[in-house]
Amino acid sequence: MKVLILGSGGREHALAWAVARSARVSEVVCAPGNGGMVQTGRCVPVDLKDLTAMVHLAEAEQPALTVVGPELPLSLGIVDAINERGLRVFGPTRAAAMLETSKGFAKRFLQRHNIPTANYAICATSAEVEKAVEIFHPPIVVKADGLAAGKGVIICDSRHTAAEAAQGLFSGALLGQSEHQVVIEEFLEGDEVSFLCISDGKHVTPLVPSQDHKRIGEGDTGPNTGGMGVYSTDTLLEPAMSEWILRHIAEPTVRGMAEEETPFTGVLYCGLMMTARGPQVLEFNARFGDPETQAILVRLETDLVDALEACIDGRLADTELRWAPGASACVVASSAGYPSSYKTGVPIAGLGAAAQVPGVQIFHAGTAQVGGQLLTAGGRVLGVTAAADSLEEALARAYQAMAEVHFEGMYYRRDIGRRAFRSAK
Ligand code: AMP
């Protein structure tokens, strides 16, 4: 069968790699893909902001399955549009994707269904914000309602700065687009965990847990990024805690969406804060995370295509996902200056030697093949990913491979996964 992957990042490279391993898959088409995905499939250009162009591509290619990587096509209704043309696609409809595309919708939904989340107020005017901030103690979290590519959350140390941040979101000064509503939220303390599940609209199957590293600097310092690295271990969440999250967060979410007649099919990514009063939902994503997917899929032993098709067909309850025991880690190499401005078009060397390290997969994010040469093409350039029996070994392999990779201005955090050893020290 032919599978079409929409997207161009490390997540999509990992999806293409996992899909290509399926015995049932004869062809992978990546749109638009990147400099690494050309090894896995045929890359064809497409604008991920252009719904009509993506639908035309699907109609022309007639894939047996389309997998949507990023949130933007989901927010445009790509799943509805491809379904309407009688083609099979993995991902939520536009209405179900609102769990990610509107934070206001997600917060109200969580409250309606008694799913634990931070206290909040949804405000449509600065006057409403002024009133709302009075009831929260600083730090106060201010969030854009809509998609903001990781830039829509501002943690403010006073009521005054919270009101200013909200004003910046309303006016468009902060994100370049003006928000019609903002979420004011209580600040939660704890460790963050990404709990990803797949769902067929009724049944929920968790993937292995993982922990992202959002800040650019070691020791979790500096500005937020799309994610500088991630690790996954069996011990990241106690089985009883995983079960609790499944029963009290993931399953009620899928049940609630079905009750509201917007059944959720796809990846339900629960971004959680493990607080003293238990796990609380920080946000939902309606798709695979990046770079979580890289660390998760290198541990998947069963066929990814079978699992995705089981979601589409409502057969997930009868489908087993098996995982390699142990651990995995993904360390991101970024361009100098990221997450602010950075240079592209810089030659990349050493990937051949890096790929020789046992257990290592190198997923490309911002790369391009130009005239037979591999060049940087984005802020996050590569995700060097390794699986092993233990986290120590997975990290050692990822960093050994990373030491072989070179490009001018290359930066990576040397403390990915370090948190896992904190309690052991
Ligand atoms: P979100 O896009 O909602 O996940 O927010 C991005 C990041 O902001 C999260 O990964 C957290 O690190 C932080 N964050 C969001 N909401 C809160 C909160 N209520 N309390 C503390 N940190 C938060």
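Fair warning: this is a prediction, and the values are worked out from it, not measured in the lab. Every number for a ligand or one of its atoms is a count from 1 in the order of the listing.
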Tell me, which protein residue and heavy-atom name are nearest [atom], and how many Å apart are they?
{"atom": "atom 16 (N) of ligand 1", "answer": "Lys143 NZ, 3.0 Å"}
{"atom": "atom 13 (C) of ligand 1", "answer": "Ile155 CD1, 4.2 Å"}
{"atom": "atom 2 (O) of ligand 1", "answer": "Glu283 OE1, 3.1 Å"}
{"atom": "atom 11 (C) of ligand 1", "answer": "Glu192 OE2, 3.0 Å"}

Taking only heavy atoms of [X], which atoms of ligand 1 are found under 4.0 Å from at least one of them?
{"X": "Phe187", "answer": "20 (N), 21 (C)"}
{"X": "Lys103", "answer": "1 (P), 2 (O), 3 (O)"}
{"X": "Met273", "answer": "21 (C), 22 (N)"}
{"X": "Leu188", "answer": "18 (C), 19 (N), 20 (N), 21 (C)"}

[Y] side chain reached by [X] side chain, heavy atoms, under 4.5 Å:
{"X": "Ile312", "Y": "Asp200", "result": "no"}
{"X": "Pro70", "Y": "Arg11", "result": "yes"}
{"X": "Tyr269", "Y": "Ser194", "result": "yes"}

Worksheet item: Within a reach of under 6.0 Å around CG of Asp50, are more than 12 heavy atoms found that belong to other residues, nucleotides or ligands?
Response: yes
Discussion item. If you count every heavy atom of other residues, nucleotides or ligands that lies below 6.0 Å from Glu261 atom CD, does the total exceed 12?
Written reply: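 For Glu261, atom CD is not crowded (no more than 12 foreign heavy atoms under 6.0 Å).
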Fill in: Qualifying residue for salt bridge (Lys or Arg N to Asp or Glu O under 4.0 Å) with Lys143, from Glu186, Glu283, Glu185
Glu185
Below a 4.0 angstrom heavy-atom separation, can you tell me which part of [X], side chain or backbone, both or neither, approaches ligand 1?
{"X": "Glu186", "value": "backbone"}
{"X": "Leu282", "value": "both"}
{"X": "Val153", "value": "side chain"}

Worksheet item: Can you say whether the rings of His113 and Phe109 are parallel (under 30°), tilted (30 to 60°) or perpendicular (over 60°)?
Response: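 It falls in the tilted class, 30° to 60°.
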Worksheet item: Parallel, tilted or perpendicular: which fits the ring planes of Phe288 and Phe90, with parallel below 30° and perpendicular above 60°?
Response: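 Taking Phe90 first and then Phe288, their aromatic rings sit tilted (interplane angle of 30° to 60°).
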Discussion item. Any protein heavy atom at under 4.0 Å, with atom 7 (C) of ligand 1 as the reference point?
Written reply: no
